[in-house]
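In what follows, a single structure is set out as structure tokens and then discussed.
Being a predicted model, the structure only gives us computed values, none of them experimental.
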Amino acid sequence: MDHIAPSPSRTTMVMETIRLRIASRALLPGAKLPSIRKLAAALKVSTSTVVEAYERLVGDGTIQSRPGSGFYVTHHAGATTIPFSVADAGPKRDRAIDPFWVSRQSLEADAEDAKPGCGWLPPSWLPEDGVRRALRTLSRAKSPVLSEYGSPLGLAPLRQLIGRRMGERGIEASPDQILLAESGTQAIDLLCRLLLEPGDTVLVDDPCYFNFHALLRAHRAQIVGVPYTPTGPDIDAFTKAVADHRPRLYITNSAIHNPTGAILSPVTAHRVLKIAEQGNVVIIEDDIFADFERSPAPRLAAFDGLDRVIHIGSFSKTLSASGRCGFIAAKPEWIDSLTDLKIATTFGGGRMTAELVYGVLSDGSYRKHLETLRQRLATAMQTVSTRLQNLGVTPWLEPQAGMFLWCRLPEDRDAADVARSALQRGLVLAPGNAFSLSQSATTFMRFNVSQMQEQKVFDVLRDVLKTAQDRRENL
């Protein structure tokens, strides 16, 4: 039988994993590396791949071999290392389509700047009166609420309320299966800490929420994109990705998808769960847009019963981004491990914030706020869609709910170029490749309809699209 050489890409992945551990000081000079068999099992590669990677690292002086003992980081390896950079963990790209560029421009924009590329509602669309009432009530709370650590699981009445709200969407979870987190992002971070080892493969939708890319790179995961369709992930591509890459996780939105606005179909949901079971893949279902729905869409967690699906959510989109509070719903043994991780990373829960969120959610005015918000978004969606189409910008689909339109620009305009030009005019946009792992969304843009109520947005967009066209014609 002929000898099969290790895959160059897998060998490189192993080498980069070791280098990142050294750069981040997880492996210090003189530290012993994992055995060949142990690392091969952890990274899900062959022992010959690890042997090849170790030999190359010995060759360039990063590590040294000690016969009969193993492999060790050389004593000079840490001398020139620099702190780990999340931005450097992915492929080098134009900063204009980097997810950090989109986030920073949105978060740091001046008050007068328009932000149709951001992912949140304008302050005037949020329940300010309800938040102020809850704050007044909180100011009269007993001293422990204002000064002591909260339970690691989180405020019990809020967990009970979240459980009831999940039940309305077909997901059964007792309060003991729900852990409060500081945000939806922290929820995913805790889950990555629990479930991933450096080098593990994670599937994401292509396109998907760009911060998934950044967070997974921070955990040194290998990211594989699966094309997304109007009814969910492309099943043939999903099947192939599971077979070829043996992923540990799949992270997705199943209700209102970000950035496309698509909704998972029941048929696709069942097929995804069957493939995930066959491939032993854990699914993280990010449901932070749940309250935008006018009627409940299918949830993977409802079909699965929180067996291999972990359901997360937060309240920053419909309540307040300043009062950060999210949650994780999972099977009991995972909640127990996540509680330990939460203690290790944040110690106690954010008690005051949880009390504030509970005060707003348990106020009868919150449901009325949601009814008004949904109607307002539906009206904005229709109006903005029409106005964009008048500019030649075509929605990929007409979403049933939510605040995002995923659109193709006219005549194959480069969305990154359009975003750069718009920024100079005080308009923050979100070019498509920020959401696409494969960089196949060059001509797409995500628009937040709630942030497009001013005429300035359409005036600037019309001008920069025309400028892009003139530039193409002059080439």
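Around atom CD of E454, no more than 12 heavy atoms belonging to other residues, nucleotides or ligands sit under 6.0 Å away. Annotation: Q453, atom CD; neighbour count of heavy atoms from other residues, nucleotides and ligands within 6.0 Å is above 12. Atom CZ of R387 is surrounded by more than 12 heavy atoms from other residues, nucleotides or ligands within 6.0 Å.
With K317 contributing its side chain and F289 its backbone, the two residues share no donor-acceptor pair below 3.5 Å. When atom types are taken as modelled, the side chain of T268 and the backbone of L264 share no donor-acceptor pair closer than 3.5 angstrom. With Q160 contributing its side chain and P175 its backbone, the two residues share no donor-acceptor pair below 3.5 Å. Without hydrogens or angle criteria, N448 side chain to S450 main chain gives a donor-acceptor distance under 3.5 Å. In terms of modelled atom types and a separation under 3.5 Å, the side chain of D200 and the main chain of A221 share no donor-acceptor contact. Between the side chain of Q177 and the backbone N or O of A330 there is at least one donor-acceptor pair closer than 3.5 Å. Although no hydrogens or angles enter the test, the distance criterion places no donor-acceptor pair under 3.5 Å between the side chain of R159 and the main chain of L180. D307 places no side-chain N or O within donor-acceptor distance of the main-chain N or O of D304, the cut-off being under 3.5 Å. When atom types are taken as modelled, the side chain of D363 and the backbone of G130 share no donor-acceptor pair closer than 3.5 angstrom. A donor-acceptor pair under 3.5 Å is formed between the side chain of E285 and the backbone N or O of A301.
Inter-residue side-chain proximity for V281 and L203 is flagged as unmet; no heavy-atom pair is nearer than 4.5 Å. In this structure, F212 and I223 have side chains that are not in contact, with every pair of non-hydrogen atoms separated by 4.5 Å or more. Inter-residue side-chain proximity for N258 and R446 is flagged as met; some heavy-atom pair is nearer than 4.5 Å. Residues R10 and V14 are not in side-chain contact: their nearest non-hydrogen atoms beyond the backbone lie 4.5 Å or more apart. A 4.5 Å side-chain heavy-atom check between L465 and E411 finds every atom pair outside the cut-off. The closest side-chain heavy-atom distance from D287 to R169 is below 4.5 Å. Under the 4.5 Å side-chain criterion, counting only non-hydrogen atoms from C-beta, I335 is in contact with L153. Side-chain contact between H257 and F404 is absent, with no heavy-atom pair separated by less than 4.5 Å.
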Margin query: salt bridge (Lys or Arg N to Asp or Glu O under 4.0 Å) for D129 and R132? Distances and angles first, verdict last.
Written below: CA-CA 5 Å; D129 290 343; R132 290 188 183 278; 5.5 Å; no
Margin query: side chain to side chain contact (heavy atoms under 4.5 Å, CB included), that's the test. Do L429 and L423 meet it? Break it down for me.
Written below: CA-CA 7 Å; L429 297 174; L423 187 61; over 6 Å; no
Where do R19 and E16 land on the salt bridge (Lys or Arg N to Asp or Glu O under 4.0 Å) test, with the steps shown first? CA-CA 5 Å; R19 288 189 176 119; E16 288 306 309; 3.1 Å; yes
| request: Evaluate the criterion side chain to side chain contact (heavy atoms under 4.5 Å, CB included) for residue pair I178 and M166; output intermediate values, then yes/no. | output: CA-CA 11 Å; I178 298 171; M166 289 172 57; 4.2 Å; yes
### Message
Pair Q382, T386 - check side-chain hydrogen bond (donor to acceptor under 3.5 Å, both in side chains), show working.
### Response
CA-CA 6 Å; Q382 184 175 19; T386 299; 5.9 Å; no
Practice problem: May I have the step-by-step check of side chain to side chain contact (heavy atoms under 4.5 Å, CB included) for C325 and L158, ending in yes or no? | Solution: CA-CA 11 Å; C325 184; L158 179 55; 4.0 Å; yes
Exercise for review: Go through K240 and D236 one step at a time and tell me if the salt bridge (Lys or Arg N to Asp or Glu O under 4.0 Å) criterion holds.
Suggested key: CA-CA 6 Å; K240 188 175 188 303; D236 289 340; over 6 Å; no
(message) Does T318 form a side-chain hydrogen bond (donor to acceptor under 3.5 Å, both in side chains) with Y366? I'd like the steps, not just the answer.
(response) CA-CA 10 Å; T318 54; Y366 183 69; 2.7 Å; yes
*asked:* Working note: D234 + T229, criterion side-chain hydrogen bond (donor to acceptor under 3.5 Å, both in side chains); need CA distance, chi angles, decisive distance, verdict.
replied: CA-CA 6 Å; D234 181 292; T229 79; over 6 Å; no
Derivation and outcome, side-chain hydrogen bond (donor to acceptor under 3.5 Å, both in side chains), residues N433 and T442: CA-CA 6 Å; N433 272 347; T442 303; 3.1 Å; yes
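The two residues T443 and R408 come nearest to each other via the heavy atoms OG1-NH1, 3.2 Å. L341 and L190 get closest at one heavy-atom pair: CD1-O, 3.6 Å. In terms of heavy-atom proximity, V360 sits nearest to V131 at CG2-CA, 3.9 Å. When all heavy atoms of L155 and A354 are compared, the pair lying nearest together is CD2-O, 3.7 Å. Nearest heavy atom pair, residue V226 against residue A241, reads CG2-CB, 4.1 Å. Nearest heavy-atom pair across V357 and G323 is CG2-O, 4.3 Å.
Between atom CD of residue Q451 and atom CG of residue L427 there is a gap of 10.5 Å, rounded to the nearest 0.5 Å. Interatomic distance, CZ of R308 versus CG of L300, reported as 12.0 Å (0.5 Å rounding). For the atom pair D205 CG and T260 OG1, the distance stands at 8.0 Å (nearest 0.5 Å). The OG atom of S314 lies 6.5 Å from the CZ atom of R324; values are rounded to the nearest 0.5 Å. The line from CD1 of I251 to CD1 of I283 is 11.0 Å long, rounded to the nearest 0.5 Å. Rounding to the nearest 0.5 Å places CD1 of I312 at 7.0 Å from CD1 of I328.
For the pairing with E293, the salt bridge (charged side-chain N to carboxylate O under 4.0 Å, His left out) check across R299, R374, R165 returns one residue only, R299. Applying the ring-ring contact (aromatic ring centres under 6.0 Å, His included) test between F435 and each of W406, Y228, Y209 identifies W406 as the sole match.
Below 30°, between 30° and 60°, or above 60°: for H311 and F327 the angle between ring planes is between 30° and 60°, a tilted geometry.
Between D459 and R462 there is a salt bridge, with a side-chain nitrogen of the basic residue lying less than 4.0 Å from a carboxylate oxygen of the acidic one.
Judged by distance alone, the side chains of S385 and E398 do bring a donor and an acceptor atom under 3.5 Å apart.
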